[in-house]
Amino acid sequence: MKDSFYDQVFEIARLVPKGRVTSYGAIAKALGAGGSARMVGYAMSNANIAHPKVPAHRVVNSSGLLTGKFHFSPPELMQELLEQEGIVVVNDKIKNFKSVFWNPLEEL
DNA sequence: GGATTGACGTGTC
DNA sequence: AGACACGCCAATC
């Protein structure tokens with residue numbers, strides 16, 4: 001499954017710069033999938049076992065909420081990684097989300 | 001090959 | 001502000 005939708009999602013996810021985050025919808029749009037934001041998230045389920053590793057912690061929902069944190073080995077890992085990159089997370093959501101948001105469409 | 005599913009998104013109530 | 005509903009679309013069963 002190399003040319004599947006998943007791999008495209010992984011690619012974009014890997015392109016997210018350190019200290020920045022993006023949303024599922026943004027990735028979907030960057031892929032031209034538009035409304036298939038759910039697929040992006042669904043694909044990230046494989047991110048845990050995907051190689052090379054995918055910085056899934058840099059991908060959140062449109063509200064900057066860490067929706068998928070419970071999918072990490074330790075759920076708190078997601079926030080940990082984000083904070084390590086200088087991203088402030090409060091109450092499971094990213095602070096200054098708009099400031100750290102990385103738009104794939106603008107970079108690609 | 002139809003039905004189910006989902007780490008979403010946007011709009012309403 | 002918080003809860004609920006519907007739409008979208010590909011992968012999996």
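A, B, ... follow the sequence lines: proteins, then strands. Residue 1 opens every chain. In this text, all values refer to a predicted model and were calculated from it rather than measured experimentally.
Residue A:Asp92 contributes atom CG, which lies 16 Å from atom C1' of C:dG2 at whole-angstrom precision. Rounding to whole angstrom units, CZ of residue A:Phe10 and C1' of C:dA11 are separated by 12 Å. Put simply, CZ on A:Phe5 is 11 Å from C1' on C:dC8, counting in whole angstrom units. Atom CG in A:Asn91 sits roughly 14 Å away from atom P in C:dA1 (whole-Å rounding). One interatomic measurement links the two molecules: CD1 of A:Ile49 to C1' of C:dA11, which rounds to 13 Å at whole-angstrom precision. Atoms OH (A:Tyr42) and P (C:dA11) sit 10 Å apart, rounded to a whole Å. Atom-to-atom, OH of A:Tyr6 to P of B:dA7 comes out at 11 Å; the value is rounded to the nearest Å. Separating the NZ atom of A:Lys29 from the C1' atom of C:dC8 is a distance of 14 Å, rounded to the nearest angstrom.
Between the CE atom of A:Met44 and the OG1 atom of A:Thr67 there is a distance of 10.0 Å, given to the nearest 0.5 Å. In this structure, OG1 on A:Thr22 lies 7.0 Å from CZ on A:Phe97, to the nearest 0.5 angstrom. The structure places CD1 of A:Ile12 at 15.0 Å from OH of A:Tyr24, a figure rounded to the nearest 0.5 Å. Once rounded to the nearest 0.5 Å, the distance linking CZ of A:Phe10 with NE2 of A:His51 reads 10.5 Å.
A:Asn103 places a side-chain N or O within 3.5 Å of a backbone atom of A:Leu105 that can act as its donor or acceptor partner. Within the 3.5 Å criterion, the main-chain N or O of A:Ser99 finds no donor-acceptor partner in the side chain of A:Asn96. Within the 3.5 Å criterion, the main-chain N or O of A:Val60 finds no donor-acceptor partner in the side chain of A:Ser23.
A:Asp92 pairs by the side chain to side chain contact (heavy atoms under 4.5 Å, CB included) definition with A:Leu65, A:Lys69, A:Gln79, not counting sequence neighbours.
Side-chain atoms of A:Arg38 stay outside donor-acceptor range of the base of C:dC9, with no qualifying N/O pair under 3.5 Å.
Contacts with DNA chain B (heavy atom under 4.0 Å) in residues 67-86 of chain A: A:Thr67, A:Gly68, A:His71, A:Phe72, listed by number. Across residues 59-66 of chain A, A:Asn61, A:Ser62 each have a non-hydrogen atom less than 4.0 Å from an atom of DNA chain B (numbered order).
Across B:dA7, B:dG9, C:dA11, the shortest atom-to-atom separation from the side chain of A:Met44 is found for B:dA7.
Among the heavy atoms of the strands lying under 4.0 Å from A:Ala56 is at least one base atom, whether or not backbone atoms are also near. Using a 4.0 Å heavy-atom cutoff across all strands shown, A:Asn48 reaches at least one base atom of the nucleic acid.
A salt bridge is defined here as a Lys NZ or Arg NE, NH1 or NH2 lying under 4.0 Å from an Asp or Glu carboxylate O, and A:Arg58 with A:Glu85 meets this definition.
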